[in-house]
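Structure first, commentary second.
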Amino acid sequence: MKKAICLFLALCLTFGCAAMLSGCGSSKDTTTLYVYNWGQYISEGDDGSLDVIAAFEEAYPNIKVQYSTYDSNEIMYSKLSNGGITVDVIIPSDYMVGRMRQEGMLMELNFDNIPNYQYIDESYKNTSYDPENKYSVPYTWGTVGIIYNTKYVDEADVTGWELLWNEKYAGKILMFDNSRDAFGIAEYLLGYDVNTTDEAELKACADKLAQQKPVVQQYVMDQIFDAMENEEAWIAPYYAGDYLTMVEENPDLAFYQPQEQGFNIFIDALCIPTCCQEKEAAELFINFLCDPEICAANLDSLGYSVPMTEAKQYLDPEQAKNPIAYPSEETLRNATSFNYLPEETSRYMESLFMEVRNG
Amino acid sequence: MKKNNAVLLSTPYLLWMAAFTLIPLGVVCYYALTDPATGAFSLRNLRDLGMYLPVLWQSIVYSLAAAAICLVLGYPVAYYIAQCGQTAQKLLYMLVMLPMCMSFLLRTLAWVGLLQDTGIINTLLGKLGIGPLRLIRTPGAVILGMVYNYLPYMILPLYSIIVKIDRRLIEAAEDLGCNGVQVFGRVILPLSVPGILSGLTMVFVPSVSTFYISQKLGGTDTVLIGDVIERQFKQGNNPNLGAALSLVLMVLVFVCTGIMNRFGGDSEEGGVIV
Amino acid sequence: MKRANRFITILIFIFLYIPMAVLIVASFNTGKDITQFQGFTLNQYARLFQDSGLLKLLGNSLIVSVLASFIATAFGTVAAVGIHNLNPRMRKAAMTLTNIPMTNPDIVTGVSLSLLFVFVGTQLLGQRNSLTFWTLLIAHITFNLPYVILNVMPKLKQMDSSLTDAAMDLGCTHVQAFFKVTLHEIMPGIVSGAIMAFTMSLDDFVISYFVSGLDFVTLPVEIYSYTKKPLHPKIYAMFTLLFLLILVLMVAMNLIQLYADKKKTASHRAGM
């Protein structure tokens with residue numbers, strides 16, 4: 001018995017040391033770049049698509065990417081502001097870029113290292129979250145809408161955001177598990193400005209969301225893929241790009257934007273947080289992602305929309321014409337983007353959302 | 001000489017434990033008493049705790065239920081294993097241990113696959129013509145998850161107590177005219193009380209503080225205190241309220257284990273399996 | 001009565017093993033949905049071995065658990081000897097301190113350590129990156145130590161103290177007496193403490209989840225983030241392989257022990 005255990009421990013120790021040595025050996029003259037991205041938000045080489053990170057490491061053999069993911073802007077923000085961690089590249093959404101810029105959490109980019117910035121379309125520059133284009137480089141853009149399963153959902157019920165409150169589908173409805181997107185929906189439904197700072201309006205939104213809770217199956221982010229694809233849930237608000245990924249697996253899914261009530265249009269942008277330790281490598285990475293060919297290959301498999309006309313020629317023509325990925329001006333007339341909110345408002349909204357979730 | 005050695009040998013350990021158990025608890029108190037936005041001293045988090053009393057109550061009820069079910073299910077198993085032959089005992093003991101060594105996240109996820117509306121059980125029932133039952137996202141599913149994950153923590157301490165019961169006591173009781181039920185009720189059960197108490201604690205404590213089980217198997221209304229703490233830290237950007245809630249949870253657990261120990265008399269080894 | 005118990009035991013074992021069976025079956029599934037078996041394939045295993053990330057995470061878990069249990073065992077054994085020789089009042093205090101992490105729910109331990117590391121790292125030392133491999137290791141050592149202490153202490157109590165006295169009478173120093181006599185006597189406690197520490201460390205999710213940063217992540221923590229995304233079936237393949245590995249290890253350990261026991265009783269009998 002004792003011998004066996006000794007042997008086992010010795011074996012473990014050698015394994016451990018070997019693994020450690022192999023880990024240390026490679027880190028000598030290479031830089032490690034910490035990329036912190038949304039889950040399901042970079043092409044990983046499944047089904048013959050481009051493995052973006054592998055391609056980057058091949059192009060820059062002395063940089064090793066350490067890739068981690070988060071579920072929502074709020075989780076990323078929470079981790080960066082309290083977590084005591086360092087990362088080099090993050091991809092927050094517009095309002096979060098604004099918030100982090102205001103709070104001094106972002107570094108100014110050196111655009112000499114990002115020549116591919118020239119390809120970004122003018123309409124994605126000079127935005128309200130980064131008016132002087134100093135801190136962020138657009139990665140993708142997209143819209144939020146309702147995904148529903150045509151097998152189970154009556155077309156007559158598909159009118160607007162109130163579908164998510166419809167008791168007929170109780171237990172089959174998913175909801176955003178992040179405060180800003182969830183409050184956004186309540187604000188569109190109640191007709192408030194999505195960038196309101198009025199506490200009474202926010203409280204009303206929270207009440208509306210609490211009222212929805214009994215019909216909600218789960219509050220989710222990326223778990224939505226499995227739930228919608230295998231028909232565990234029938235109705236969910238989510239991002240258009242992810243709908244395009246889901247519909248490939250389950251053709252019964254449909255996507256709908258409540259055009260009268262308004263819906264969110266967002267830009268997710270590449271940024272470098274102040275805790276970054278490898279700024280130059282981070283800029284190389286950002287530049288790499290903005291290469292029109294890489295950008296097209298990456299976003300083709302993600303389903304999200306490219307922020308550069310230059311890249312469209314490399315896209316799958318089907319995708320480039322897809323009205324869900326690239327909606328018309330007419331569709332977008334009521335689309336609004338989230339601006340950053342003052343810190344008290346953000347905190348208030350988060351605490352209200354926590355009350356909704358926990359109550 | 002000997003005494004000096006003892007102090008010399010144990011001091012580094014005591015310092016280490018103080019640094020990494022007592023001081024962290026102090027830091028938790030510090031966070032619990034500061035305002036998340038300004039960092040100034042504030043009682044706000046403690047005031048906000050009142051809102052989470054229903055959640056706390058729900059956690060206690062669920063985990064008590066889980067502990068009770070574990071006892072009812074685990075006792076016969078432990079008793080049976082203790083009565084088997086040496087080799088069978090070892091084998092069965094191993095089979096109880098084995099699930100504990102596997103990722104509880106994935107095992108819980110397997111339950112999602114079994115219980116969900118489009119899951120394995122409902123598909124099978126569907127073939128029999130029974131409509132989809134609502135199995136997942138109910139309080140029952142959460143309790144099931146707790147029972148499933150922590151049942152071995154009940155069986156193992158019970159087994160190690162029952163197996164040590166002196167056979168002669170049982171024989172003596174039989175000689176004195178007790179029937180099987182009386183032997184069990186008057187001899188075996190009272191003697192296995194320490195195992196029962198340690199099993200109950202070992203199921204209750206992880207159950208009351210779990211967050212993964214309720215996130216995966218629970219619905220929107222089966223929120224547990226562990227969920228709230230996890231969410232305040234990881235998502236809600238309010239570690240201060242999270243810290244205050246952890247303090248509450250800690251006090252709750254210490255009170256409960258204190259009560260258990262009071263009943264069980266003191267045992268310095270209490271809480272150790274195997 | 002016995003028959004009823006046997007029936008319940010069988011049912012409980014089915015209950016305990018069904019979810020694992022589901023995962024194992026899922027690892028051979030061509031589809032990615034756990035609930036529908038579409039066809040048999042070994043592709044998931046091939047995918048698993050192509051995924052250097054997952055294997056690296058497994059390596060990470062092994063590094064932390066081996067180092068933590070090794071350090072905790074050495075440190076804890078020495079400490080247990082010290083505590084054993086303390087005066088009763090101090091001993092009681094030391095045991096209370098040992099019991100705190102044992103009784104505390106994991107989530108509280110995790111939260112408190114993470115707050116400590118972040119507080120000390122960012123506010124006192126001015127570091128940017130305060131959740132690293134080292135903090136994870138400290139956390140693991142901390143929750144491993146009580147297991148070692150609580151396994152070694154009873155053995156020390158059982159040990160006949162005149163043995164060490166005899167050794168010293170025969171000219172051993174304290175240190176020699178420890179290594180030649182005490183260590184031998186308490187070995188079973190040390191070994192079971194080490195094994196327990198190792199498995200606790202390897203399996204730990206909750207504490208690691210709160211304490212780890214982004215640069216060094218263990219397998220359970222990453223599995224948690226996998227379960228929040230569409231889960232790739234190669235995870236099931238990994239589960240199956242780990243299941244087999246642990247099963248083989250456990251059976252082997254049992255067989256060896258059985259063999260040793262037999263040998264012991266045989267020699268015992270021969271001696272009589």
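Computation of the quantities below employed the complete heavy-atom set of this structure, encompassing side-chain atoms and omitting hydrogens, waters and symmetry-equivalent molecules. Chain letters run A, B, ... following the sequence lines, proteins first and then strands; every chain starts at 1.
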Self-check item: Part of Thr123(B) lying under 4.5 Å from any heavy atom of chain C
Solution: neither

Quiz item: Checking side-chain hydrogen bond (donor to acceptor under 3.5 Å, both in side chains) for the pair Thr98(C)/Tyr13(B): CA distance, chi angles, key distance, verdict?
Solution: CA-CA 10 Å; Thr98(C) 305; Tyr13(B) 168 76; 2.7 Å; yes

Quiz prompt | Which atom of Gly119(B) lies closest to which atom of Thr35(C), heavy atoms considered | solution = CA-CG2, 3.6 Å

Quiz item: In Å, rounded to the nearest 0.5 Å, how long is the span from CG of Asn85(C) to CG of Leu9(B)?
Solution: 8.0 Å

Exercise. Applying side chain to side chain contact (heavy atoms under 4.5 Å, CB included), run through Val96(B) and Ile12(C) and close with a yes or a no.
Key: CA-CA 10 Å; Val96(B) 177; Ile12(C) 293 294; over 6 Å; no

Quiz prompt | Partner of Thr21(B) under side chain to side chain contact (heavy atoms under 4.5 Å, CB included), chosen from Thr142(C), Leu116(C), Leu113(C) | solution = Thr142(C)

Practice problem: Quick one: which of Ile34(C), Asp33(C), Val22(C), Val108(C) has the most heavy-atom pairs under 4.5 Å with chain B, could you say? | Solution: Val108(C)

Practice problem: Write out all pairs satisfying salt bridge (Lys or Arg N to Asp or Glu O under 4.0 Å) with one or both partners inside residues 231-247 of chain C, taking only residues at least two apart or from two chains. | Solution: Asp51(C)-Lys234(C)

Quiz prompt | residues 242-249 of chain B: residues contacting chain C (heavy atom under 4.5 Å, by number) | solution = Ala243(B), Ser246(B), Leu249(B)

Exercise. Give, as side chain, backbone, both or neither, the part of Gln83(B) having an atom under 4.5 angstrom from any heavy atom of chain C.
Key: both

Self-check item: Selection from Phe211(B), Tyr212(B), Tyr30(B), Phe104(B) maximising heavy-atom pairs under 4.5 Å formed with chain C
Solution: Phe211(B)

Quiz item: Is there side-chain contact between Ile223(C) and Leu106(B), with at least one heavy-atom pair below 4.5 Å?
Solution: yes

Quiz item: Side chain, backbone, both or neither: which part of Val78(C) has a heavy atom under 4.5 Å from chain B?
Solution: both

Quiz prompt | Phe254(B) atom CZ: more than 12 heavy-atom contacts under 6.0 Å | solution = yes

Quiz item: Can you list the steps and then say if Leu97(C) with Leu22(B) is a side chain to side chain contact (heavy atoms under 4.5 Å, CB included)?
Solution: CA-CA 8 Å; Leu97(C) 196 58; Leu22(B) 293 183; 3.7 Å; yes

Quiz item: Which answer fits Leu202(C), side chain, backbone, both or neither, if we ask what part of it has an atom under 4.5 Å from a heavy atom of chain B?
Solution: neither

Exercise. Among Ile10(C), Leu231(C), Val111(C), single out the residue with the greatest number of heavy-atom pairs under 4.5 Å to chain B.
Key: Val111(C)

Quiz item: Within 45 degrees of the axis of the six-membered ring of Tyr209(C) and under 6.0 Å from its centre: does Lys234(B) put its NZ or CZ there?
Solution: yes

Exercise. Answer yes if the ring centres of Trp16(B) and Phe143(C) are under 6.0 angstrom apart, and no otherwise.
Key: no

Quiz item: Given side chains that start at C-beta, do those of Leu144(B) and Phe15(C) come closer than 4.5 Å, heavy atoms only?
Solution: yes

Practice problem: Please step through side chain to side chain contact (heavy atoms under 4.5 Å, CB included) for the pair Leu247(C) and Met94(B), ending with a clear verdict. | Solution: CA-CA 9 Å; Leu247(C) 187 70; Met94(B) 188 195 87; 4.2 Å; yes

Quiz item: Less than 4.5 Å apart, any side-chain heavy atom of Met17(B) and any of Pro146(C)?
Solution: yes

Quiz item: Any side-chain heavy-atom pair from Tyr17(C) and Leu95(B) closer than 4.5 angstrom?
Solution: yes

Exercise. Under 4.5 Å heavy-atom distance to chain C, tell me which part of Val28(B) shows up: side chain, backbone, both or neither.
Key: both

Exercise. Quick one: pull up CG in Leu73(B) and OG1 in Thr9(C) and give me the separation to the nearest 0.5 Å.
Key: 10.5 Å

Quiz prompt | Contacting region of Ile120(B) [heavy-atom separation from chain C under 4.5 Å] | solution = both

Exercise. Indicate the atoms forming the closest heavy-atom contact of Leu16(C) with Tyr148(B), along with that distance.
Key: O-OH, 3.1 Å

Self-check item: Segment of Pro206(B) engaging chain C (4.5 angstrom heavy-atom cut-off)
Solution: neither

Practice problem: Before giving the answer on side chain to side chain contact (heavy atoms under 4.5 Å, CB included), spell out for Cys101(B) and Met250(C) the whole-Å C-alpha distance, their side-chain angles and the decisive distance to 0.1 Å. | Solution: CA-CA 11 Å; Cys101(B) 300; Met250(C) 279 191 158; 4.0 Å; yes

Quiz prompt | Heavy-atom pair of closest approach, residues Ala110(B) and Leu23(C) | solution = CB-CG, 3.7 Å

Self-check item: Shortest non-hydrogen contact from Asp203(C) toward Met100(B)
Solution: OD2-O, 2.7 Å

Practice problem: Identify which part of Val206(C) has an atom lying under 4.5 Å from any heavy atom of chain B, answering side chain, backbone, both or neither. | Solution: side chain

Exercise. Looking only at non-hydrogen atoms, find the nearest pair between Ile107(C) and Ser209(B) and report the distance.
Key: CG2-CB, 3.7 Å

Exercise. Find the distance between CD1 (Ile83(C)) and CG (Leu14(B)) and round it off to the nearest 0.5 Å.
Key: 5.5 Å

Quiz item: With a 4.5 angstrom heavy-atom cut-off, which part of Leu92(B) approaches chain C: side chain, backbone, both or neither?
Solution: both

Exercise. Grab the two heavy atoms, one from Met102(B) and one from Phe239(C), that are nearest each other, plus how far apart they are.
Key: CE-O, 3.6 Å

Quiz item: Rounded to the nearest 0.5 Å, how far apart are CZ of Phe119(C) and OH of Tyr31(B)?
Solution: 6.5 Å

Practice problem: State, yes or no, whether a side-chain contact exists between Phe205(C) and Leu105(B) at a heavy-atom distance under 4.5 Å. | Solution: yes

Quiz item: Checking Ala19(B) against chain C: side chain, backbone, both or neither under 4.5 Å from a heavy atom?
Solution: backbone

Quiz prompt | Gap separating the OH atom of Tyr224(C) from the CG atom of Leu109(B), nearest 0.5 angstrom | solution = 11.5 Å

Practice problem: Side-chain contact test, heavy atoms from C-beta onward, threshold under 4.5 Å: evaluate it for Phe233(B) versus Leu115(C) and give yes or no. | Solution: yes

Practice problem: Check whether any side-chain heavy atom of Lys90(B) sits under 4.5 Å from a side-chain heavy atom of Gln257(C), and report yes or no. | Solution: yes

Quiz item: chain C heavy atoms under 4.5 Å from Tyr75(B): which part of the residue, side chain, backbone, both or neither?
Solution: neither

Quiz item: Is it the backbone or the side chain of Gln215(B) that comes under 4.5 Å from a heavy atom of chain C, or both, or neither?
Solution: side chain

Self-check item: Distance in Å, Asn254(C) CG paired with Met97(B) CE, rounded so as to fall on 0.5 Å steps
Solution: 10.0 Å

Quiz item: Got Phe20(B) and Ser112(C) here, is their nearest side-chain heavy-atom distance under 4.5 Å?
Solution: no

Quiz item: Which answer fits Thr118(B), side chain, backbone, both or neither, if we ask what part of it has an atom under 4.5 Å from a heavy atom of chain C?
Solution: backbone

Quiz prompt | Selection from Val81(C), Leu258(C), Leu145(C), Asp106(C) maximising heavy-atom pairs under 4.5 Å formed with chain B | solution = Leu145(C)

Quiz item: In terms of heavy-atom pairs under 4.5 Å with chain B, which of Pro105(C), Ala94(C), Ala21(C) leads?
Solution: Pro105(C)

